[in-house]
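Let me begin by presenting the structure, written as structure tokens, before commenting on it.
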Amino acid sequence: MIQLPTQALRTAPSGGPVPEEPARSAKHVLDPIDRVSEVLFGLIMVLTFTGSLNVAEEGRESVRTMLIGALGCNLAWGIIDAVFYLMGSLAERSKALLALRAVRGATDPEAAYRIIAGTLPPAVASVLRPVDLEMLRQRLKGLPEPPRRAGLGGDDWRGAAGVFGLVFLSTFPVVIPFIFMGDVTAALRVSNAIAIAALYLMGDAFGRASGRHPLVTGLVMVVLGLVLVGITIALGG
């Protein structure tokens with residue numbers, strides 16, 4: 001969904017205009033679902049390393065190699081995910097700018113109405129009357145001349161930093177036992193317990209954010225996470 005400038009979509013309770021505020025990107029700082037998704041991604045990545053350890057054969061040198069690999073992998077994927085986030089934000093801003101220009105340049109009001117409705121959630125667009133769409137069209141036409149090109153804003157950079165931080169930092173709870181515990185078998189058991197607890201908590205948070213039963217989604221996330229880790233390891237990931 002493309003988001004047009006918010007100041008053109010707001011009216012006061014009386015139906016009149018409200019003071020304008022700067023337009024914001026549709027991708028603000030990470031919402032709860034985004035945060036859960038990034039932590040889950042980081043957890044699954046690090047579990048592919050810890051899950052491949054054979055405690056009966058591996059020594060401390062192998063554990064050290066695993067730690068370096070897990071941290072390096074999530075560091076790299078954190079950077080890659082952050083870059084993709086910025087690319088998505090820029091694409092979304094560019095689409096919004098193109099939609100705004102199309103509305104402002106449309107000579108046929110009906111064409112402008114279709115563009116405006118296409119940027120809104122279907123449930124919202126379905127209840128708007130022509131008079132509502134005309135009001136939005138007039139307000140969009142009354143906005144200052146938009147920039148020639150879309151750019152990234154502070155929210156986009158903060159969101160990218162959040163993506164990187166969540167993917168990378170999610171490595172540490174699972175690998176910390178290997179750093180402070182000399183017994184590899186005991187460290188692996190503690191690490192697995194932490195991973196299962198983290199998967200459950202992320203599922204619980206996902207359930208609360210999406211309106212589903214937290215207990216059920218927590219348990220489902222544990223099973224799903226372990227299945228995905230198993231598939232990744234089996235495929236050589």
Side-chain angles (χ1 to χ4, degrees), residues 1-41 77-168 205-206 208-212:
M1 182 188 70
I2 303 169
Q3 179 170 306
L4 291 171
T6 55
Q7 64 264 44
L9 306 179
R10 299 174 66 241
T11 56
S14 61
V18 295
E20 292 189 357
E21 61 183 28
R24 297 170 66 88
S25 168
K27 294 176 85 67
H28 297 169
V29 290
L30 300 177
D31 63 30
I33 298 297
D34 289 330
R35 296 171 194 166
V36 168
S37 300
E38 296 300 337
V39 172
L40 285 172
F41 177 76
W77 274 110
I79 294 172
I80 293 170
D81 247 14
V83 171
F84 284 165
Y85 179 92
L86 290 174
M87 292 172 60
S89 295
L90 184 59
E92 189 169 343
R93 284 179 177 269
S94 298
K95 289 180 181 179
L97 182 59
L98 290 174
L100 176 58
R101 289 187 177 279
V103 170
R104 289 164 60 93
T107 56
D108 179 10
E110 291 295 331
Y113 298 164
R114 288 192 293 271
I115 297 170
I116 294 171
T119 68
L120 300 172
V124 175
S126 66
V127 300
L128 291 178
R129 302 164 298 172
V131 65
D132 300 319
L133 292 168
E134 176 61 21
M135 180 191 68
L136 292 174
R137 185 177 79 92
Q138 292 299 330
R139 298 203 67 190
L140 288 169
K141 291 185 67 175
L143 291 175
E145 184 66 22
R148 295 185 59 186
R149 294 184 179 86
L152 295 171
D155 283 342
D156 301 310
W157 291 103
R158 283 190 288 272
V163 167
F164 169 79
L166 288 172
V167 173
F168 181 60
F206 179 86
R208 295 179 189 277
S210 61
R212 291 173 169 80

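One distance of note links CD1 of Ile115 with CZ of Arg137; it measures 10.5 Å at 0.5 Å rounding. With rounding to the nearest 0.5 Å, the separation of CG in Leu40 from CZ in Phe206 is 9.0 Å. Between Arg114 atom CZ and Glu110 atom CD the span is 6.5 Å, to the nearest 0.5 Å. Here Met135 contributes atom CE and Asp132 contributes atom CG; the two are 6.0 Å apart, rounded to the nearest 0.5 Å.
Using a 4.0 Å cut-off between charged nitrogen and carboxylate oxygen, Glu92 and Lys95 do not count as a salt-bridge pair.
Scanning all heavy atoms of the two residues, the minimum distance from Leu152 to Leu86 falls at CD2-O, 3.7 Å. Heavy atoms only, all atoms of each residue included: Leu100 and Pro146 are closest at CD2-CB, 3.9 Å. When all heavy atoms of Ala150 and Leu97 are compared, the closest pair comes out as N-CD2, 3.6 Å. Closest of all the heavy-atom pairs between Ala209 and Ile33 is CB-CD1, 3.6 Å. The two residues Ala205 and Val36 come nearest to each other via the heavy atoms CB-CG2, 3.8 Å. Across all their heavy atoms, Arg93 and Asp156 have their closest contact at NE-OD2, 2.6 Å.
Between the Arg104 side chain and the Leu143 main chain, a donor and an acceptor come within less than 3.5 Å of each other.
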Quiz item: Run the side-chain contact (heavy atoms from CB on, under 4.5 Å) check on Glu38 and Phe164 step by step: do they pass?
Solution: CA-CA 9 Å; Glu38 296 300 337; Phe164 169 79; over 6 Å; no
Practice problem: Dump the intermediate steps for side-chain contact (heavy atoms from CB on, under 4.5 Å) on Leu136 and Tyr113, then the final yes or no. | Solution: CA-CA 9 Å; Leu136 292 174; Tyr113 298 164; over 6 Å; no
Practice problem: Check the pair Leu128, Leu120 against side-chain contact (heavy atoms from CB on, under 4.5 Å), reporting the backbone distance first and the verdict last. | Solution: CA-CA 10 Å; Leu128 291 178; Leu120 300 172; 3.4 Å; yes
